[in-house]
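Quick notes on the structure that follows.
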Amino acid sequence: MINRIDYAKASPEGFKAFGGVYVYLQKSGLPKELIDLVYLRVSLINGCAYCIDMHSRDLLKLGVPVDKLVLVPVWRDAREVFSARERTALAWAETVTRVAETGVPDADYEAAAAEFNDKELADLTYAIGLMNAFNRFGISFRTPPAAAAKA
């Protein structure tokens, strides 16, 4: 994989604007582990190696057990490994990320709205949108994962 451009360096103001949303989300009141689980799931769906590597490392630093981390792609079958709130967030992340396929059905919205208040749901959706955007940057410009630098 060849890195095409360093988009943060090429357009620092654009990167800073996206970074502002990232900083806001850290202070939004949603638990960091929940946000990082959503970031990881979105990145897995989109296939962004850089983001999968980064958010896996972030979750490990937060103390998330490897047993849980490796089950993120199959969270629906992992039963109680994920809390009800995490399962709802992961389901919402999937339907919003696949918006062109799903159209985000009313049933998916109602399930998310039953678990998260309006602010939390808006913030969760900002996180999903932000990660989808960062995945597109990472994939488009072939940003290598940290693991590749160690290989």
Derivation and outcome, side chain to side chain contact (heavy atoms under 4.5 Å, CB included), residues L30 and L124: CA-CA 8 Å; L30 290 172; L124 182 59; 4.2 Å; yes

Distance-minimising heavy-atom pair for I128 and A93: CD1-CA, 3.5 Å

Nearest heavy atoms of E86 and V81, plus distance in Å: OE1-O, 4.2 Å

For I5 against A10, the heavy-atom pair lying closest together: CD1-CB, 4.2 Å

Qualifying salt bridge (Lys or Arg N to Asp or Glu O under 4.0 Å) pairs, either residue in residues 45-55, two or more places apart: D53-R57

Nearest atoms (heavy-atom pairs only) where R4 meets S140: NH1-O, 2.9 Å

Sole residue of N132, I139, N135 in side chain to side chain contact (heavy atoms under 4.5 Å, CB included) with S43: N135

L34 reachable from L130 in the ILVMFWY side-chain graph, under 4.5 Å edges: yes

Polar side-chain atom of S11 near backbone of Y7 as donor-acceptor pair, under 3.5 Å: no

side-chain hydrogen bond (donor to acceptor under 3.5 Å, both in side chains) involving D36 - partner list, sequence neighbours excluded: K32

Would you give me the side-chain donor-acceptor pairs under 3.5 Å for residues 111-122, sequence neighbours excluded?
from : atom 1 : to   : atom 2 : distance (Å)
N117 : OD1    : K119 : N      : 3.1
N117 : OD1    : E120 : N      : 2.8
K119 : NZ     : Y24  : OH     : 3.1
K119 : NZ     : S28  : O      : 2.9
K119 : NZ     : D123 : OD2    : 2.5
E120 : OE1    : R85  : NH2    : 3.2
E120 : OE1    : N117 : N      : 2.9
E120 : OE2    : R85  : NH2    : 2.8

Atom pair CZ/CG of F82 and L37 - distance to nearest 0.5 Å: 6.0 Å

Cluster link L44 to L69, ILVMFWY, side chain under 4.5 Å: yes

Other residues, nucleotides, ligands: >12 heavy atoms within 6.0 Å of Y126 OH: no

Transitive ILVMFWY side-chain link M54 to V72, under 4.5 Å: no

Expected output: side-chain T102 to main-chain T95 donor-acceptor under 3.5 Å: yes

F137: which of F15, Y50, F18 passes ring pair (Phe, Tyr, Trp, His ring centres under 6.0 Å): F18

Interatomic distance, I45 atom CD1 to T97 atom OG1 [nearest 0.5 angstrom]: 4.5 Å

is_close_aromatic(Y39, F134), centroid dist under 6.0 Å: no

Heavy-atom pair with the smallest gap, counting every atom of L40 and I52: CD1-O, 3.8 Å

